[in-house]
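Naming: A, B, ... by sequence-line order, numbering from 1 per chain.
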Amino acid sequence: MIQAILVFNNHGKPRLVRFYQRFPEEIQQQIVRETFHLVLKRDDNICNFLEGGSLIGGSDYKLIYRHYATLYFVFCVDSSESELGILDLIQVFVETLDKCFENVCELDLIFHMDKVHYILQEVVMGGMVLETNMNEIVAQMEAQSRLEKSENFPVTLHLSTR
Amino acid sequence: MDYIGLREEEKLIQQELISLKATVSAPTTTLKTMKECMVRLLYCEMLGYDASFGYIHAIKLAQQGNLLEKRVGYLAVSLFLHESHELLLLLVNTVVKDLQSTNLVEVCMALTVVSQIFPREMIPAVLPLIEDKLQHSKEIVRRKAVLALYKFHLIAPNQVQHIHIKFRKALCDRDVGVMAASLHIYLRMIKENSSGYKDLTGSFVTILKQVVGGKLPVDFSYHSVPAPWLQIQLLRVLGLLGKDDQRTSELMYDVLDESLRRAELNHNVTYAILFECVHTVYSIYPKSELLEKAAKCIGKFVLSPKINLKYLGLKALTYVVQQDPTLALQHQMTIIECLDHPDPIIKRETLELLYRITNSQNVTVIVQKMLEYLRQSKEEYIIVNLVGKIAELAEKYAPDNAWFIQTMNAVFSVGGDVMHPDIPSNFLRLLAEGFDDETEDQQLRVYAVQSYLSLLDVENVFYPQRFLQVMSWVLGEYSYLLDKEKPEEVINRLYKLLMSDSVSSETKAWLIAAVTKLTPQAQTSSTVERLIQDFSVSLDTCMRQHTFELKHLHENVEVMKNLLPVNKSCEELVVDASLSFLDGYVAEGLSRGAAPYKPHHQRQEEKLSQEKVLNFEPYGLSFSSSGFTGRQSPAGISLGSDISGNSAETGLKETNSLKLDGVKKLWGKEGYLPKKESKAGDAPEAPPVPPESAAAENPDQAGAKRDQAQVLVQSKEEKEKQLLASSLFVGLGTESPINLLGKADTVSHKFRRKSKAKEARSGDVASAQNLTCSSLSSLSSATYKGNDCLATVQGRASAEAKELPLGPELLDPECLPELPLVGKLSDGNLSVPPLFADSDMEVFHPPLSAVAAAPAAAPGTAEITLAASFLEDTAEDTCSGGVEVCGDETVTVSSYKLWQDDGFLMGWLVAAESGSELQSANLDIFPAENFKVSERPGCCLPVTEAGSSRWFQYSLQLERPFTEEALSGAVRYQLVDTQAGQLGFSVSLSLLDFVRPLKISTEDFGKLWLSFANDVKQNIKMSEPQAALPSALKTLQQKLRLHVVDVRGDEGLLACRLPPSTSCLLHCRAHADGLALWLRSSCPALPDCLSYQCHKALEGS
C-alpha cells in the first residue's frame, strides 16, 4: 500500500502532499522536511530507493523517488509494493500530468493544485493503485474538464460584464 | 515564492489566511467564491499553516455545491480531515445521497471519498449501497467500489466478512481493471490466511497466463509490456499461495517459467516483473529448473550497471541466500565492490546480505565492516538497526572473549542511548549466567572488568548513559575477580563518575548500587562515607533513599555481607509474592471499614461499564456484582493465611487451595503471574550454545575457495578485494550448502527464542538486583515452589506436542468422497455410534491437531473431517485389535474410547491368543476419585469370534472436574484349558474426553451466565490479539469441542457441557496485549480446569 505521496521542489517547498495514513499535521510537515533532506543528500546517479527512516513506519517502508528538473516526486510505500513498479508508476503519473497540462511545470502544480489532486485520485485511490493506463486517466480528466467548461460558461459571462 | 525570504512568505500567507477567514465566514459568500477559497486554503494547509477554520466550510461545500463545487468540497474534506474527526459525521448523509445519485460523476466522487476517509462506525450506512455498485454497468464505478470495500476490509474486517463471495465475482469481472482492483483485496487476505484461498490458485494462474500471453487489449500495455502492474500483483499472490505447499506450487510452475521466458529485458518495468518472478520462484515449493533460471536472473540484476537493479539484485540475494548460499559465492566480487559503493543504500543492503551469511569464521570481518558503516552513519534509525545486528552476531559467533567485549564496547559507545534496551540486558545476562565452562566465564568477566576500568581511566571522554550503567553493574558484580585492583579503587572511580554532571540520575542509581555491592568487600573506605555525606542531602529522593540504605547497611557489615554475597546475581531471590506479611494490616483496614482491594483491570472494567450509556453487550454482563468482588477480595487472602497460621506455607500451597487460586489470578496481571509463567517457560530451554559449536567449520573448502580466487589475480587492489572476499565468504561451502545453512538457521532460531524467553528473566535479574539494593524489608520466607509445578506441566505439554505425528493423509482431498456418509453417521446419532478407537490422549490428539492444522473452510466441515479421521482409525483398529493396554502370552486387553453426544464410553476387548479359547473373563474397574464408572451392556465393535474374546463396556460420568487422570482396573480370565490369570491396566483420561459442545442461543447464554456463580479469569498473551480472536475461537472449537455461541467485534462467547448436567460458559475478549478468558460454571472447580485446557490449546496452536 502507498502511505504517502509527496512532491516538493529543489528547495523543499511542498507542491503536493497526500497522505493515505493518518498523521497529525505537524508530523506531516516533519515528514516532508525530513524526506526532503534525505533525498537532497543523494546524487542523481545513485539508486532511487531509500529506507524510510523511523518517522514513517520503519524498516518495512521505502521511499521511492524520481527527480524531474525542479521537482522531486516521492512515494512512500510498504513492502507489499514492487519498487520498480512504483518507479514506473511515478513516471506514469508525471507523464499524465504532462499530457493534461501540456508541458507541465512547477507553476502548474501551484496554480492548479486541485486538478493535480484529481489526476492523482484517478491513479491512486486510498493508497491503492487504481489505474495505470495513461490514456484512460487522460480520458477521465478530459471528461471532467468538459463538465467544468459547460458549468463555467455562465460565470465567465458574468465576469466579462462586470 | 521561493525567491522571497521565508519570513515574507509567512507574512504573505498569514495575510491571505486572514482575508480568507473573513471571506468564508461572511454570509454573503457564494459557493462559487467558496470553492476558490477552499483551493487556497488547501494550499496554505499544505505549506503547514493552520486552516482549521475552513473545515466546516469544506463540508458545507460538499453538501450544498453543484458538481464542481462538490468536487472541491470532497477533495478538501479528504485532505483536511482524518477518519476519526467529528466533523466527518456531517458528511455521511451527503455521501449516502451521492451514492444513490444517477449522475456517474457524483457516484465516483462519493466512492473516492469513501475509500480515502470514512468513519469506521458509519460503514453500515453505506455498505449496502456500495455492494450494489459492484453490479454497476460502468466499470470505473465497479472498480472504485471494489477499492472502497477493500478499504473497509482494512479498517473493519468484520463488517465486510459476508461479502467475500462478492469479491470472487469481482475477480471474474469482464473488465480487467475491476479484476485488478480485486487483486488488492486478495493479496491482503491471502497474506492473512493463505490456506483459505488455495482453490483460487487455478484462476490466478489462468489470468496470469492470459496476461503473459498477450491476450489483453493493447490499452493495458505499458511500453509494450502487457499489464505489468497486474503481472506483479499476480506473481505476489501466487508466491503467497505456493509457500510451503507443493501441490499448489506445481500448478504454477508452467506459468512462472513462461513469465521468466517472456520477460525480455527491454524496459525497466520488465525488470520489475522479473524480480517478482524470482521472488515467487524462491518463495514457493522449489523446483530445480526454475531455481536455476531465477538464479541466472539474479545474476543479471547484480551485474547490471544500473544501480536500481543492482540494489534489487542484492535484495534478491539477501532473500535467497539462506536457500542457496552458493549464489552469494558466485557473486562475491560484486558484493565486495558494493561494500565500497558510494551509495549508502547499496552499502546497507550489502551489509544486510553479509549479516545473513555470517558464521563463526567470517564474523570478525563482517562485524568490522558493519562497525565502519555504523561510525559513518548519523541517522538514528540506521544506528538502532545496525547496532542490534552487530550485538546479535557478536553474541552468536564471538570467536574469543576479548573480541566480544571490544565489539560490545563499540556497540555501546556508538549505539549509546538509542539502541534497543534488550541489548544491554542481554549482554549482562550473558555475563551473569555464563556458559557451561566456569573458567571461560570468569575470564570473560575479568576481561570486561579490566576493559571498563581502562575506559574509565581515559580523561574527558563521555560515554552514553546505558554504557555507564552496564559498566557500573559489571564493576559492582565482578571487580572482586581482579587481584591487583582493590575494591576501594574501583569505588573511587565510581565516585568520580557519580560527581560528574554528565551522568543522569538513573545512571547514578546504578552507580550507587554498584558502590553498595562493593562496600562489604572494601576494608575501609573513606570514599563511601564521603558519598553518604554528599548524597544524603541530595534533592533527588531516589538517590537519597539509596544513600540511606547504604548508610544503614554500612553500619552493620555482617548483615551487609550476608545480604550482598559475591557472584550470586543469578541466584533466585526468595520473595513472598502473596504479600502475606501485609495480611494483618489488610485485615485491620477491612475491619475499620476500608473498601476491599480491586485489581487494576477490574477497576477499569467497572469504570467502563459505568461509563457506557447504552449497553451494547449481547447479554447481561454486570461487572460490578457484589458477590463477584467479594469472592476475589483480599479478605479471602487474609482469611486463608490466617487459618493456616503460617503465611509462608500459604505461599507454597497456592495451587490446590480454592481461595488462593483467586489470589493468584488477582495478582496475575500486575506481574506476579506473568513472572512465574515466563520463568516456567524458561526452565525447559536448553543452556546457551557456546559460540564455537554454533556453525560448522570447513577449513579445506575455505582454502579451496581462496585458490580459486587467486586465479583471477590482476592488480594489487584486486588482490586486496579477493583477500577480503575469501575472509567474507569462508565457510559458505559449495558441497553441502543447504546443510550448513540449515544448521546455522536452527542455531539462530534457538538462540532467538531463548533470548526472548529470557528477556523476562533478565528483567527478573534486574529487579532482583534492585531488591537487593533497596527494598530489603520485603524479603520473606515463601518461595516460588509453584514454578516447578508449572514447569513440569509445561514440559509435559510440550513433550506431548512433540509426540504428535501429523497425519497428512487426513488432509488429503482423496478422503473427501467418504465425508457425506460420515456426516450422516455422526448427524444421525445412530444407536451404534461411530467408534473412536484410540486408547490414550497422546494417540488421540493427532487427528484433532491435524484437523486444526487443516483450516477447513467452515466449522461444519471441520467436524466432518474430524469424524472421518475417527472412522478411519476405527477401520484400522478393528484389524489391529485396538490399542493394547496390557497382555501376556495368552491374552491381550485393548481399550477403546467412545465419545457419544450424551456421554463417554470406554470399552475393553479381552482377546485370547489364537488357538485358545476364553472360558470366562471378568473386568474390574477400580473406583476412581473423579468419575463414576458404571457398566453398560452392549457392543459397538463389529462382531468378533465369540469364543476367543470378551467385550466390556462402561459408561463414565464426570463427578469432579480434573485435567488428567488415570483410570485403572484389572482383568481376571480363565482359558478353556484351565489356565487362569490376572492382568492390571491403566488408561489415562483427559477432561476433554467429557467435554461436549453446548448449542445455545446468545440469550440463553446471557441468562446462564448470570446464574452461574463460579468464575475464573485468565489472560493469555498473544502477539496479534485482534487477528487472533477468530483463530483462537476456531482452536477452542476444534480442540476442546466448545460451541461458538456468538462473535461480536472483539468478543466471543463459547459454551460447552459435561454430560449429564454440568455446563460451562466462556467469554473471551481480545484486547491490546492478548486474550482475556472469563469462564463461568455451576461447578466450582470446572472453570479452573477448563481454563487450563484452553490455555494449553491456545499455547499449542
Exercise. Is it the case that A:N48 and B:N308 place a side-chain donor and acceptor less than 3.5 Å from each other?
Worked result: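 A pair is found: one side chain offers a donor N or O, the other an acceptor, under 3.5 Å apart.
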Looking at [Y], is its backbone amide N or carbonyl O close enough to the side chain of [X] to form a donor-acceptor pair, meaning the two atoms are under 3.5 Å apart?
X      : Y      : answer
A:R22  : B:E83  : no
A:Q29  : B:M46  : yes
B:H184 : A:V129 : yes
B:D343 : A:C47  : yes

For [X], is it the side chain, the backbone, both, or neither that has a heavy atom closer than 4.5 Å to a heavy atom of chain A?
X      : value
B:L154 : side chain
B:I382 : neither
B:L147 : both
B:R348 : side chain
B:S84  : side chain
B:K306 : neither

Is [X] in contact with chain B via its backbone, its side chain, both, or neither, using a 4.5 Å heavy-atom distance?
X      : result
A:E81  : backbone
A:M125 : both
A:K115 : neither
A:Q28  : neither
A:N135 : neither

Exercise. Can you tell if the side chain of B:Y222 reaches within under 4.5 Å of the side chain of A:T132, non-hydrogen atoms only?
Worked result: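 No, their side chains stay 4.5 Å or more apart.
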Exercise. Does any non-hydrogen side-chain atom of A:R42 lie less than 4.5 Å from one of B:I345?
Worked result: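 Side chain of B:I345 against side chain of A:R42, heavy atoms only: contact under 4.5 Å found.
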